[in-house]
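Quick notes on the structure that follows.
Computed from a predicted structure; not experimentally measured.
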Amino acid sequence: MVEGGIAKPDKTEFSECWKTTWKTPYIMRLSLSAGIGGLLFGYDTGVISGALLYIREDFQQVEKKTWLQEVIVSMAVAGAIFGAAFGGWINDRFGRKPSILVADILFFVGAIVMALAPAPWMIIIGRIFVGLGVGMASMTAPLYISEASPARIRGALVSTNGLLITGGQFLSYLINLAFTHAPGTWRWMLGVAGLPAVVQFFFMLSLPESPRWLYRRNKVEEARSILEKIYPANEVESELIALRNSIEAEKADEQAIGDNFIAKMKGALSNVVVRRGLYAGVTVQVAQQFSGINTVMYYSPTIVQFAGFASNKTALALSLVTSGLNAVGSIVSMAFVDRYGRRRMMIVSMFGIISCLVILSIVFFQAASHAPKISQLESTHFATNATCPSFLSASNPTSWNCMSCLKAECAFCANGANEYSPGACLAKTSDLETLCHGQHRTWFKDGCPSKFGFLAVIFLGLYIISYSPGMGTVPWIVNSEIYPLKYRGIGGGIAAVFNWVCNLIVSLTFLTLTKALGSSGTFLLFAGYCVIGLVFIYWFVPETKGLQFEEVEKMLKSGYKPLAFKTKSTRGENQSA
């Protein structure tokens with residue numbers, strides 16, 4: 001997924017993690033209990049893609065109003081923006097554990113509200129609740145795990161949260177597929193999220209607060225008792241000393257730059273190193289979202305239907321492939337990002353993304369150009385007044401094909417003998433859909449029958465393969481390394497806000513864009529955004545692989561330029577481009 005970060009562990013950290021958690025199961029219990037928040041994060045952002053297909057069937061106003069579909073999808077993202085800010089305040093004021101408990105309550109309430117919703121506006125309210133929970137979980141779960149884990153295996157344990165996010169998205173597609181024939185379909189899909197929220201809530205009740213938060217609140221003995229459960233007896237004192245030194249340094253920084261948000265912002269933006277870090281950090285987060293990834297994660301089954309697969313079940317099954325590839329890509333990234341570097345992986349990833357988006361644009365253009373024609377005879381074959389009114393009033397109806405019919409807000413009932421042959425353009429009503437199916441024909445309302453459909457699914461999968469190992473995970477790694485220590489929280493927070501806001505813009509406009517530009521034009525537009533993003537990444541984002549934080553700060557202080565634009569005198573000093 002896309003909105004959470006994965007801390008980068010190495011191979012020795014994974015092996016050490018296995019040994020440590022085998023000896024001390026309490027550590028794994030703690031990490032997995034908190035990591036359920038990542039699972040919920042992934043599930044609630046992914047489940048709507050399949051549920052939307054059935055919500056449209058139950059509520060005609062949702063089917064007819066593209067903007068209403070976009071609002072249902074994107075309100076979780078809007079809620080997440082505020083949830084992250086609210087969660088940050090709860091984290092600091094009341095602790096990490098209460099923040100996770102509140103997130104669970106929001107997840108549960110949102111799931112129940114959506115499952116019982118009698119109207120679209122109730123689904124939207126439920127999505128806002130879920131979004132608040134997502135925003136809180138996205139920042140609190142990895143923070144809690146990192147602060148309550150042994151330092152030597154921290155990266156490996158925090159990475160489980162990232163894997164659970166993509167795993168939650170994959171699970172949401174499986175659940176969607178499982179409930180396709182159940183009464184209530186989308187209600188079950190959305191309501192199931194309440195169960196892991198309840199499980200995590202009761203697990204967290206039995207777990208302690210973060211020792212770091214307790215120590216900062218001068219609850220030293222409580223912090224010690226938790227560290228004694230995590231570390232061997234001979235390491236507890238040294239960890240307490242390290243914790244004390246870290247918190248004293250943190251407090252010293254707060255005195256130097258101020259402990260309120262405005263003072264921190266002024267201090268950050270007046271620092272040339274932080275500004276240059278933000279150029280890189282914000283660039284990769286914006287480029288990540290405008291690559292169009294969340295149009296695929298939120299609307300994947302709809303895109304598959306655009307490609308000509310009319311069946312909801314088929315669309316969900318094919319979408320499962322994209323979600324699975326996204327999860328696999330996260331693992332691939334963890335294996336290769338330290339070998340090949342952050343910058344190189346993002347640039348290679350962007351070339352792959354651009355290529356796939358351009359090919360997808362061509363495929364959808366060809367599919368629209370070769371869409372089946374509309375037959376006057378077929379269209380008048382059905383009930384009186386069944387034919388699409390726009391087709392009847394068209395000045396040149398013989399030029400119409402299936403895409404012309406769909407653009408006129410009508411539906412295409414495929415030819416019974418061959419769905420690629422001329423078919424009927426009918427008014428888009430549930431009665432006519434039933435009549436069309438009754439004659440053993442396929443009803444198309446989002447895309448047209450196409451021999452190019454399988455190519456769209458293949459390149460959608462290749463797009464995910466290109467995206468996930470590079471632009472999927474690396475932007476979060478870059479943001480964890482690019483800022484000076486005392487400004488890391490504020491710098492990462494600013495970049496994350498840009499990520500969420502761009503996510504909201506993309507998810508709130510995708511269907512409107514496809515309606516205005518067509519699927520082909522929309523994918524080409526995202527390819528154009530990616531070209532701009534690639535240029536910015538090449539120019540503003542340095543390589544941080546293998547560098548100490550002090551080295552990164554020194555590089556940014558002197559000003560970063562790509563290797564091709566360095567003078568001969570400076571090329572030998574920094575080969576990081």
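With hydrogens and angles ignored, the 3.5 Å screen pairs no side-chain donor or acceptor of Ser99 with any backbone N or O of Arg96. Although no hydrogens or angles enter the test, the distance criterion places no donor-acceptor pair under 3.5 Å between the side chain of Ser468 and the main chain of Ile465. At distances below 3.5 Å, at least one donor-acceptor pair connects side-chain atoms of Arg276 with backbone N or O atoms of Lys557. Counting only distance, with no hydrogens or angles, the side chain of Glu543 and the backbone of Arg342 share a donor-acceptor pair below 3.5 Å. Side-chain atoms of Ser349 come within 3.5 Å of backbone N or O of Ser466 as a donor-acceptor pair. A donor-acceptor distance shorter than 3.5 angstrom exists from the side chain of Asn479 to the backbone of Gly281, with no hydrogens or angles considered. A donor-acceptor contact shorter than 3.5 Å is absent between the side chain of Gln169 and the backbone of Gly46. In this structure, the side chain of Thr140 does not engage the main chain of Ala137 through any donor-acceptor pair within 3.5 Å. Between the side chain of Thr522 and the main chain of Leu513, a donor-acceptor pair closer than 3.5 Å is present. Checking side-chain atoms of Arg127 against main-chain N and O of Met75 turns up no donor-acceptor pair under 3.5 Å.
Of all heavy-atom pairs spanning Ala287 and Met350, the tightest one is CB-CE, 4.4 Å. Minimum heavy-atom separation, Arg275 to Leu269: NH1-O, 2.9 Å. A pairwise comparison of heavy atoms in Cys356 and Tyr463 identifies SG-N, 3.6 Å as the closest pair. Annotation for Val304 and Ser319: closest pair CG2-OG, 3.8 Å, computed over non-hydrogen atoms. Taking every heavy atom of both residues into account, Ser49 and Tyr299 meet most closely at CB-N, 4.2 Å. Met346 and Val478 get closest at one heavy-atom pair: CE-CG2, 3.9 Å.
Side-chain contact check for Asn91 versus Tyr144: every heavy-atom pair is 4.5 Å or farther apart. By the 4.5 Å heavy-atom criterion applied to side chains, Val506 and Tyr298 are not counted as neighbours. In this structure, Ile293 and Met471 have side chains that are not in contact, with every pair of non-hydrogen atoms separated by 4.5 Å or more. Side-chain contact between Ile537 and Thr283: present, with at least one pair of heavy atoms (C-beta onward) separated by less than 4.5 Å. The side-chain heavy atoms of Val457 and Val321, taken from C-beta on, include no pair separated by under 4.5 Å. Side-chain atoms of Arg343 and Tyr538, non-hydrogen and from C-beta on, do get closer than 4.5 Å to each other. A 4.5 Å side-chain heavy-atom check between Phe170 and Val328 finds every atom pair outside the cut-off. Counting only heavy atoms from C-beta outward, the side chains of Leu39 and Ile165 never approach each other to under 4.5 Å.
The aromatic ring centroids of Trp89 and Phe94 lie less than 6.0 Å from each other. Annotation: Phe364 is in aromatic contact with Phe523 [ring centroid separation under 6.0 Å]. Note: Phe86 and Phe82 fail the aromatic proximity criterion, with ring centroids not under 6.0 Å apart.
In this structure, a donor-acceptor pair under 3.5 Å is absent between the side chains of Thr166 and Asn326. Defined by atom type and a distance below 3.5 Å, a donor-acceptor pair is missing between the side-chain atoms of Tyr483 and Asn271. Side-chain polar atoms of Ser520 and Ser361 form a donor-acceptor pair below 3.5 angstrom. Residues Thr512 and Glu70 bring a donor and an acceptor atom of their side chains to less than 3.5 Å of each other. A donor and an acceptor atom, one from each side chain of Ser507 and Ser74, are nowhere located under 3.5 Å apart.
A distance of 9.5 Å separates CG in Leu460 from CG in Leu325, rounded to the nearest 0.5 Å. Here Asn503 contributes atom CG and Gln288 contributes atom CD; the two are 8.5 Å apart, rounded to the nearest 0.5 Å. Between the CE atom in Met297 and the OG1 atom in Thr45 there is a gap of 7.0 Å [rounded to 0.5 Å].
Between Tyr529 and Phe290, the ring-plane angle classifies as perpendicular under the 30° and 60° cut-offs.
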Next on the checklist: Checking Trp500 against Leu504 for the side chain to side chain contact (heavy atoms under 4.5 Å, CB included) test, could you report, in this order, the C-alpha distance in whole Å, the side-chain angles of both residues, the deciding distance, and whether it holds?
Outcome noted: CA-CA 6 Å; Trp500 281 112; Leu504 178 62; over 6 Å; no

Checklist entry - Yes or no on side chain to side chain contact (heavy atoms under 4.5 Å, CB included) for Leu462 and Ile359, after CA distance, side-chain angles and deciding distance? => result CA-CA 11 Å; Leu462 289 174; Ile359 293 171; over 6 Å; no

Checklist entry - What do the steps show when you test Ile36 against Leu164 for side chain to side chain contact (heavy atoms under 4.5 Å, CB included), and what is the final call? => result CA-CA 7 Å; Ile36 295 174; Leu164 283 168; over 6 Å; no

Item to check | Residues Phe540, Val284; criterion side chain to side chain contact (heavy atoms under 4.5 Å, CB included); working and verdict | outcome: CA-CA 9 Å; Phe540 288 112; Val284 295; over 6 Å; no

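Residue Phe498 places its CZ atom among 12 or fewer non-hydrogen atoms of other residues, nucleotides or ligands, all under 6.0 Å distant.
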